[in-house]
Amino acid sequence: MHLGALLHLPLALSRAVLAALRGRLGALCWSLAPLSLHLPLPLPGWRRGPVPSPSAPPAPHRQREQRDEAAPTPTSVNYHFTRQCNYKCGFCFHTAKTSFVLPLEEAKRGLEMLKEAGMEKINFSGGEPFLQDRGEFVGQLVQFCKEELKLPSVSIVSNGSLIRERWFKKYGKYLDILAISCDSFNEEVNVLIGRGQGKKNHVENLHKLRQWCREYAVAFKINSVINRFNVEEDMNEQITALNPVRWKVFQCLLIEGENSGDDALREAEKFVISDEEFEQFLDRHRDISCLVPESNQKMRDSYLILDEYMRFLNCRNGRKEPSNSILDVGVEAAIKFSGFDEKMFLKRGGKYVWSKADMKLDW
């Protein structure tokens with residue numbers, strides 16, 4: 001509409017037309033943001049926010065507003081750089097909703113930013129971290145974090161099925177802790193859960209990985225999710241024989257949009273156990289000194305989780321709500337929306353002796 005024609009319209013209608021034009025122009029500018037095309041002057045009443053990275057979807061609008069609260073220190077960070085996995089665990093709470101993986105150099109840039117913000121420990125997870133470039137991607141990140149960033153602790157959580165001895169020969173010296181997920185020592189239960197490897201045996205592979213960790217001086221850890229199919233199992237003998245530095249025991253957790261709800265890729269409701277059943281499992285294994293229990297309450301807000309776009313994920317409302325990427329807005333701005341409970345992190349034993357140089361283990 002020609003501007004002169006607006007003079008003949010009622011004032012209210014003129015304002016409505018201008019508002020519509022302004023809204024369309026604002027949407028156009030956002031769509032051109034990845035191409036670095038910007039308006040020289042903002043329109044009256046239209047506030048241009050930070051330009052999102054072409055790789056990372058923008059966070060919900062309400063999270064673009066800056067909060068006044070002090071940003072927590074990212075002492076320990078879990079970087080889920082891929083959502084892809086070769087297993088189909090029924091209770092998985094970080095599912096294959098995208099196939100995106102940051103370019104290696106961008107991932108390194110983000111890790112350097114986290115180190116500058118106070119990160120001491122990085123844990124690489126997924127998905128399955130050894131699926132990307134047959135373990136070379138995570139291997140190069142591990143080497144970078146230990147050799148270049150000189151982080152006190154570098155760890156990986158993996159299902160173990162894709163790890164080969166040649167990886168230990170090349171990257172083992174840079175890795176402090178390898179955590180292997182093992183929810184049962186009964187292979188039939190592993191198949192029910194979704195950890196079946198066809199002709200391969202998950203438990204046999206676990207013992208092989210334990211031996212490689214001894215040979216290449218990597219601290220060995222086990223993660224177990226206690227659920228409907230393994231809650232009655234007695235694992236005392238097997239855990240004692242494997243002798244991990246830590247045995248993390250998680251209560252099966254529902255996360256809307258991941259393993260629960262209409263938009264989820266998993267239906268984990270059938271795996272859920274009660275708090276009482278979880279306590280009974282813990283009581284059965286109370287004599288294992290390396291056991292570290294984590295109930296739903298302890299898990300939900302006590303982890304700093306970065307997704308594949310390097311966005312912090314806030315789980316306080318029972319689903320994962322992303323911040324803007326640290327690559328776009330910086331660590332301090334992004335971490336304020338992480339929902340991280342630093343007191344609960346310390347309460348659950350999140351900070352411990354996590355450098356293999358300080359563990360004084362008998363390899």
Side-chain angles (χ1 to χ4, degrees), residues 76-82 85-87 89 91-94 120-132 135 138-139 141-142 145-146 151-164 167-168 171-185 190 193 195 202-203 205-226 230 235 238-253 285 288-294 298-299 302-306 345 348-356 358-359 361 363:
S76 176
V77 177
N78 296 272
Y79 177 26
H80 296 249
F81 64 82
T82 178
C85 188
N86 60 325
Y87 277 12
C89 302
F91 47 71
C92 179
F93 52 82
H94 200 73
E120 298 176 21
K121 180 182 187 297
I122 183 68
N123 179 55
F124 296 106
S125 188
E128 170 48 48
F130 283 85
L131 199 59
Q132 184 71 18
V138 71
L141 290 181
V142 165
C145 287
K146 184 58 73 170
L151 292 182
S153 184
V154 181
S155 65
I156 299 175
V157 174
S158 167
N159 62 40
S161 63
L162 302 174
I163 305 177
R164 303 292 181 261
W167 191 93
F168 281 95
Y171 297 112
K173 61 183 177 181
Y174 306 113
L175 185 65
D176 290 278
I177 304 169
L178 175 64
I180 301 297
S181 300
C182 180
D183 305 314
S184 177
F185 292 91
N190 283 322
I193 288 172
R195 292 198 190 277
H202 186 77
V203 178
N205 193 54
L206 183 71
H207 283 271
K208 180 172 64 177
L209 290 165
R210 178 66 182 102
Q211 184 57 37
W212 284 341
C213 283
R214 286 193 182 98
E215 292 176 7
Y216 295 95
V218 175
F220 181 71
K221 176 182 172 185
I222 297 175
N223 288 353
S224 300
V225 177
I226 308 309
N230 66 1
M235 304 183 187
Q238 293 88 348
I239 295 295
T240 300
L242 287 162
N243 191 28
V245 293
R246 280 164 74 85
W247 179 31
K248 284 287 268 305
V249 175
F250 303 95
Q251 182 181 2
C252 183
L253 177 67
H285 298 88
I288 296 183
S289 60
C290 63
L291 189 154
V292 181
E294 293 202 7
K298 288 183 178 180
M299 286 176 63
S302 63
Y303 283 86
L304 274 175
I305 302 174
L306 275 182
F345 165 74
R348 70 167 172 81
K351 191 160 187 177
Y352 56 96
V353 179
W354 51 31
S355 173
K356 65 182 179 182
D358 299 327
M359 291 181 187
L361 296 174
W363 302 109

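Minimum heavy-atom separation, Val225 to Cys252: CG1-CA, 3.9 Å. The shortest heavy-atom contact between Cys290 and Ile239 is SG-CG2, 4.5 Å. Of all the heavy atoms in Asn86 and Ser161, the pair that sits closest is ND2-OG, 2.8 Å. The shortest heavy-atom contact between Ala179 and Asn223 is CB-ND2, 4.0 Å.
Scanning for salt bridge (Lys or Arg N to Asp or Glu O under 4.0 Å) contacts around Lys248 gives Glu294, with sequence neighbours left out. Taking the ring-ring contact (aromatic ring centres under 6.0 Å, His included) definition, one finds that Tyr171 meets it with Trp167, sequence neighbours left out. By the side chain to side chain donor-acceptor pair (under 3.5 Å) test, His94 pairs with Lys320, sequence neighbours left out. Every residue two or more places apart in sequence or in another chain that forms a ring-ring contact (aromatic ring centres under 6.0 Å, His included) with Phe345 is listed here: Phe340. Residues meeting the side chain to side chain contact (heavy atoms under 4.5 Å, CB included) test with Thr82, sequence neighbours left out: Gln84, Val101. For Lys351, the salt bridge (Lys or Arg N to Asp or Glu O under 4.0 Å) criterion is met by Glu120, not counting sequence neighbours. Legend: residues meeting salt bridge (Lys or Arg N to Asp or Glu O under 4.0 Å) with Lys221, ordered by chain and number and at least two apart, are absent.
Inter-residue side-chain proximity for Asn230 and Met235 is flagged as met; some heavy-atom pair is nearer than 4.5 Å. Put simply, the side chain of Met359 reaches to within 4.5 Å of the side chain of Ile177, judged on heavy atoms. Put simply, the side chain of Ile163 reaches to within 4.5 Å of the side chain of Leu178, judged on heavy atoms. Counting heavy atoms from C-beta on, the side chains of Arg195 and Cys89 come closer than 4.5 Å. With a 4.5 Å cut-off on side-chain heavy atoms, Phe91 and Asp183 count as touching. Using a 4.5 Å cut-off on side-chain heavy atoms (C-beta onward), Leu206 and Phe220 make contact. For the pair Cys213 and Phe168, the minimum side-chain heavy-atom distance is below 4.5 Å. Contact check for Leu242 versus His207: side-chain heavy atoms found under the 4.5 Å cut-off.
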Checklist line | Derivation of the side-chain contact (heavy atoms from CB on, under 4.5 Å) call for Leu175 and Tyr216 | finding: CA-CA 10 Å; Leu175 185 65; Tyr216 295 95; over 6 Å; no
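How far CG of Leu141 is from OH of Tyr174: 13.5 Å, rounded to the nearest 0.5 Å. In this structure, CG on Asn243 lies 14.0 Å from CD on Gln238, to the nearest 0.5 angstrom. Taking CZ from Phe185 and CG from Asn190, the interatomic distance works out to 9.0 Å, rounded to the nearest 0.5 Å. The structure places NZ of Lys121 at 11.5 Å from CG of Leu304, a figure rounded to the nearest 0.5 Å.
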Can you list, pair by pair, the side-chain donor-acceptor contacts under 3.5 Å of residues 122-132, counting residues two or more places apart and other chains?
{"from": "Asn123", "atom 1": "OD1", "to": "Ser155", "atom 2": "OG", "distance (Å)": "2.7"}
{"from": "Asn123", "atom 1": "ND2", "to": "Asn78", "atom 2": "OD1", "distance (Å)": "3.0"}
{"from": "Glu128", "atom 1": "OE1", "to": "Ser158", "atom 2": "OG", "distance (Å)": "3.2"}
{"from": "Glu128", "atom 1": "OE1", "to": "Asn159", "atom 2": "N", "distance (Å)": "2.8"}
{"from": "Glu128", "atom 1": "OE1", "to": "Asn159", "atom 2": "ND2", "distance (Å)": "3.2"}
{"from": "Glu128", "atom 1": "OE2", "to": "Phe130", "atom 2": "N", "distance (Å)": "3.0"}
{"from": "Glu128", "atom 1": "OE2", "to": "Ser158", "atom 2": "OG", "distance (Å)": "2.9"}

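No side-chain donor-acceptor contact under 3.5 Å links Asp176 to the backbone of Ala219. Remark: the backbone N or O of Ser181 is paired with a side-chain donor or acceptor of His202 at under 3.5 angstrom. At distances below 3.5 Å, at least one donor-acceptor pair connects side-chain atoms of Lys146 with backbone N or O atoms of Pro152.
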